[in-house]
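What you see below is based on every heavy atom in this structure, not just the backbone, and it leaves out hydrogens, waters and symmetry mates. We count ligands from 1, going down the list as the structure has it; atoms in each ligand are counted the same way.
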Amino acid sequence: MSTVQKKRVAILISGRGSNMVSLIEAAKAPDYPAEIVLVLSNRPEAAGLDYAAQAGIPARAVDHRAYPDRARFDAALDAELRAAGIELVVLAGFMRVLTPGFVESWAGRMINIHPSLLPLFRGTQTHGQALAAGVRLHGCTVHYVVPELDAGPIVAQGAVPVRAGDDPDSLAARILVQEHRLYPAALALVASGRARLEDGRVVFADGTDGPDGALLTL
Ligand code: GRF
């Protein structure tokens with residue numbers, strides 16, 4: 001029997017949920033330091049909800065359109081998370097901006113994946129931004145969530161070369177493969193305590209610059 005102390009994790013999605021799937025798959029390993037105990041979507045039609053339910057994970061929509069403002073939507077999310085005893089919140093393609101109050105109350109306990117090498121190319125259409133800038137390396141970043149969008153302390157990054165002839169779709173597809181490797185590795189670092197926040201930066205427990213998947217290259 002495993003003696004790993006597993007952190008109780010909720011994944012927040014808005015759509016397809018392919019990163020969510022990679023996390024659910026990784027968390028099946030007996031020695032993985034997190035268990036996925038809840039999936040929430042702000043969109044009832046999100047395909048990821050069906051997958052999670054079929055995997056036996058409680059999966060619910062908290063439809064943002066049913067709430068008069070962001071604060072009340074976030075309060076509903078917060079109530080779900082606390083009722084489920086959630087210790088870590090993982091945003092995976094969650095397309096709602098969260099209020100500063102919500103973010104502060106989960107500070108140091110909420111991470112996100114963003115499809116660029118932050119701090120380059122915040123916001124949306126990151127692959128188009130990268131192509132327009134002419135960078136030779138692009139990628140994805142897992143970071144702690146802070147009130148400023150795509151600006152939190154970086155846990156892990158995956159780099160992907162930009163090829164001649166790439167368009168936003170081809171680049172997105174190549175980076176998604178990297179996202180699916182990076183996010184489970186990064187969540188393991190955070191959930192196990194091997195990565196932690198210190199003075200607004202991420203440090204690793206063993207004093208190195210990031211073992212076990214904090215840096216991936218293709
Ligand atoms: C990913 O590219 C992620 O980096 C971004 O939104 C996309 C979500 O894809 N935040 P999926 O829903 O995980 O398939």
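Aromatic ring orientation, F94 versus F73: parallel (interplanar angle below 30°, classes split at 30° and 60°).
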Side chain to side chain contact (heavy atoms under 4.5 Å, CB included) between V162 and L131, intermediate numbers included: CA-CA 8 Å; V162 179; L131 289 169; 3.9 Å; yes

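In this structure, H143 has no ring pair (Phe, Tyr, Trp, His ring centres under 6.0 Å) partners at least two apart in sequence or on a different chain. With sequence neighbours excluded, the residues that form a side-chain contact (heavy atoms from CB on, under 4.5 Å) with A151 are R122, V146, E148.
Other cluster members for L118: I154, joined by side-chain heavy-atom distances under 4.5 Å among Ile, Leu, Val, Met, Phe, Trp and Tyr.
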Between ligand 1 and the protein, find all N/O pairs closer than 3.5 Å and give the distance for each.
{"unit_1": "ligand 1", "atom_1": "2 (O)", "unit_2": "E179", "atom_2": "OE1", "d": "3.3"}
{"unit_1": "ligand 1", "atom_1": "2 (O)", "unit_2": "E179", "atom_2": "OE2", "d": "3.0"}
{"unit_1": "ligand 1", "atom_1": "4 (O)", "unit_2": "E179", "atom_2": "OE1", "d": "2.7"}
{"unit_1": "ligand 1", "atom_1": "4 (O)", "unit_2": "E179", "atom_2": "OE2", "d": "3.3"}
{"unit_1": "ligand 1", "atom_1": "9 (O)", "unit_2": "R16", "atom_2": "NH2", "d": "3.1"}
{"unit_1": "ligand 1", "atom_1": "10 (N)", "unit_2": "I113", "atom_2": "O", "d": "3.2"}
{"unit_1": "ligand 1", "atom_1": "12 (O)", "unit_2": "G17", "atom_2": "N", "d": "2.8"}
{"unit_1": "ligand 1", "atom_1": "13 (O)", "unit_2": "S18", "atom_2": "N", "d": "3.3"}
{"unit_1": "ligand 1", "atom_1": "13 (O)", "unit_2": "N19", "atom_2": "N", "d": "2.9"}
{"unit_1": "ligand 1", "atom_1": "13 (O)", "unit_2": "N19", "atom_2": "ND2", "d": "3.0"}
{"unit_1": "ligand 1", "atom_1": "14 (O)", "unit_2": "R16", "atom_2": "NE", "d": "2.5"}
{"unit_1": "ligand 1", "atom_1": "14 (O)", "unit_2": "R16", "atom_2": "NH2", "d": "3.3"}
{"unit_1": "ligand 1", "atom_1": "14 (O)", "unit_2": "S18", "atom_2": "N", "d": "2.8"}
{"unit_1": "ligand 1", "atom_1": "14 (O)", "unit_2": "S18", "atom_2": "OG", "d": "2.5"}

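Remark: the H114 side chain and the T126 side chain contain no N/O donor-acceptor pair separated by less than 3.5 Å.
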